[in-house]
Amino acid sequence: MALMACRTKVSRVLNSSLIEKTGFLRTGTSVNGFSGRIMDDPCRRIGPFSCYSSSAAAVASNEPRLGLGGFEVLGLKDYYEYRKSLYGEITHKALLVDVAGTLLVPSQPMAEIYRKIGEKYGVEYSETEILNRYRRAYSQPWGKSRLRYVNDGRPFWQYIVSSSTGCSDSQYFEELYHYYTTEEAWHLCDPDAERVFMSLRKAGVKLAVVSNFDTRLRPVLQALNCDGWFDAVAVSAEVEAEKPNPTIFLKACELLGVTPEETVHVGDDRRNDIWGARDAGCDAWLWGSDVHSFKEVAQRIGVHV
């Protein structure tokens, strides 16, 4: 048992180290229920997802495994078998899921929506100009609060919209703001998500959403009829902590009644999702690299779909 514990600890150390050595992900801007993450294509294996291989993939490769302190580092298969021995044929007792870019993606490019809705309010910028201005505005520090998304997030998004389009018309903002609470604005990244999540819950795996979002997240999930898939929702505007702050992951674990060590988080942002979850003590898989579908997530956990 002492040897197994040492091997497991060494494996985690190397896994963490590999994350730092596997290239750079262009995270872009986060989707938080209004405009959409700036991604090349969140549902295909192109763009930022092709820029690096994950730590899990590196450990699972056929390359010679490293040794630390005289011990062989456990491979991915060995690690999963070890976890199954702890939890009874599943590797984790709970799954945390990121929303924007993982569970949901915007149905239309942000700049296109800003321009189309804005035309009747006098917005004249091209989609390219809107996108560039959006990126500049989003990258600036938000000085009014340590959190971007406080309650409904209106002050932050008013700043983003006016900076991106040059239009401060309140009616324009409200129409745009409301659009991103509707089912028209979003769709599932993985069409099989519901079937997979039901299989996971049937197998005893608890599910929660963990998202940097304002309070529109719950209405968005309801509009897409997926709010009933989850046992808990941890949204930054309510928790008052944004990923990668470990607090939001710990809150999700608390809501589910599990420990971080029993939990795996899946998300598409290396910094917010992977580093944040690992800092909280959770396992973490990068969407688009470690896993490409929720069926693959279930298979890794040990649940047949």
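The analysis underlying the following values was restricted to heavy atoms, covering all of them including side chains, and did not include hydrogens, waters or symmetry mates.
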For this session: Say whether Y177 and I130 are linked into one hydrophobic cluster, either directly or through other cluster members, by side-chain heavy-atom distances under 4.5 angstrom.
Result: yes
For this session: For the pair R115 and E119, evaluate side-chain contact (heavy atoms from CB on, under 4.5 Å) and give the outcome as yes or no after the intermediate values.
Result: CA-CA 6 Å; R115 181 189 59 78; E119 283 180 341; 2.6 Å; yes
Exercise. Are the charged groups of K243 and D273 less than 4.0 angstrom apart, N to O?
Worked result: yes
Exercise. Any side-chain heavy atom of D98 sitting closer than 4.5 Å to one from D269?
Worked result: no
Problem set entry | Nearest atoms (heavy-atom pairs only) where V196 meets A298 | CG1-CB, 3.8 Å
Seminar exercise, completed: When every non-hydrogen atom of G153 is compared with those of D214, the smallest separation belongs to N-CB, 3.9 Å
Problem set entry | Working for side-chain contact (heavy atoms from CB on, under 4.5 Å), residues F197 and C226 | CA-CA 10 Å; F197 290 158; C226 55; over 6 Å; no
Exercise. Could you give the distance from CG (L95) to NZ (K93), rounded to the nearest 0.5 Å?
Worked result: 15.0 Å
Exercise. Side chain of T102, backbone of D268: donor and acceptor closer than 3.5 Å?
Worked result: yes
Exercise. Which is it for L188 and L224 under the side-chain contact (heavy atoms from CB on, under 4.5 Å) test, yes or no, and what are the steps along the way?
Worked result: CA-CA 8 Å; L188 291 171; L224 292 166; 5.7 Å; no
Seminar exercise, completed: dist T91:OG1 -> E262:CD (nearest 0.5 Å) comes out at 12.0 Å
For this session: For residues W186 and Y179, establish whether the separation of their ring centroids is below 6.0 Å.
Result: no
Seminar exercise, completed: Closest non-hydrogen atoms of C253 and P260, given as atom of the first, atom of the second and distance, are SG-CA, 3.9 Å
Exercise. Going by heavy atoms in the side chains, are D231 and R201 under 4.5 Å from each other?
Worked result: yes
Exercise. Taking it one step at a time, do T247 and E240 satisfy side-chain contact (heavy atoms from CB on, under 4.5 Å)?
Worked result: CA-CA 9 Å; T247 299; E240 297 184 352; over 6 Å; no
For this session: Report yes if some heavy atom in the side chain of V97 is under 4.5 Å from a heavy atom in the side chain of F294; otherwise report no.
Result: yes
Problem set entry | Side chain proximity check, L250 to E254, heavy atoms < 4.5 angstrom | no
Exercise. Would you say E127 has more than 12 foreign heavy atoms packed within less than 6.0 Å of its CD?
Worked result: yes
Exercise. Can you get from L96 to M198 by hopping between Ile, Leu, Val, Met, Phe, Trp and Tyr side chains that sit under 4.5 Å apart?
Worked result: no
For this session: State, with a plain yes or no, whether a side-chain heavy atom of R216 is found less than 4.5 Å away from one of D152.
Result: no
Seminar exercise, completed: Separation between OG (S236) and NZ (K251), nearest 0.5 Å, reads 14.0 Å
Exercise. With the 4.5 Å side-chain cut-off for hydrophobic clustering, are L200 and V305 part of the same group?
Worked result: yes
Problem set entry | Heavy-atom side-chain proximity of Y172 to V123 below 4.5 angstrom | yes
Problem set entry | S164 side chain to V161 backbone, donor-acceptor under 3.5 Å | no
Exercise. Just wondering, more than 12 heavy atoms not from K295 lying within 6.0 Å of its NZ?
Worked result: no
For this session: Starting at CG of D279, measure out to CD1 of I274 and round the result to the nearest 0.5 Å.
Result: 11.5 Å
Problem set entry | E184 CD: over 12 foreign heavy atoms closer than 6.0 Å | no
Exercise. Does I160 belong to the same Ile/Leu/Val/Met/Phe/Trp/Tyr cluster as M110, with side-chain heavy atoms less than 4.5 Å apart forming each link?
Worked result: yes
Problem set entry | Test: R154 cationic atom under 6.0 Å from F173 six-membered ring centre, within 45° of axis | no
Exercise. What pair of heavy atoms forms the shortest contact from N272 to P244, and how long is it?
Worked result: OD1-CD, 3.2 Å
Exercise. Taking atom OG of S211 and atom CD1 of I248, what is their separation to the nearest 0.5 Å?
Worked result: 7.0 Å
Exercise. Is there a donor-acceptor contact under 3.5 Å from the side chain of E129 to the main chain of Y125?
Worked result: no
Seminar exercise, completed: Shortest non-hydrogen pair, S289 vs H292, comes out as O-CE1, 3.4 Å
Exercise. Rounded to the nearest 0.5 Å, how far apart are CD1 of I90 and CZ of R83?
Worked result: 9.5 Å
Problem set entry | Whether over 12 other heavy atoms sit under 6.0 Å from Q222 CD | yes
Problem set entry | Any side-chain heavy-atom pair of L103 and L221 under 4.5 Å | yes
For this session: Indicate the ring-plane relationship of Y149 and W157, choosing parallel, tilted or perpendicular according to the 30° and 60° boundaries.
Result: parallel
Exercise. Among pairs that include at least one residue of residues 83-109, which meet ring pair (Phe, Tyr, Trp, His ring centres under 6.0 Å), considering only residues two or more places apart or in two chains?
Worked result: H92-W285
Exercise. More than 12 foreign heavy atoms under 6.0 Å from CD of E112: is that the case here?
Worked result: yes
Exercise. Does NZ or CZ of R148 come closer than 6.0 Å to the centre of the six-membered ring of Y159, within 45° of the ring's axis?
Worked result: no
For this session: Check whether any side-chain N or O of T215 sits under 3.5 Å from a backbone N or O of N151 as a donor-acceptor pair, and report yes or no.
Result: yes
Exercise. Do F249 and V210 have side-chain heavy atoms sitting under 4.5 Å apart?
Worked result: yes
Exercise. If Ile, Leu, Val, Met, Phe, Trp and Tyr residues are connected whenever their side-chain heavy atoms lie under 4.5 Å apart, and connections chain through other members, are L256 and F230 in the same group?
Worked result: no
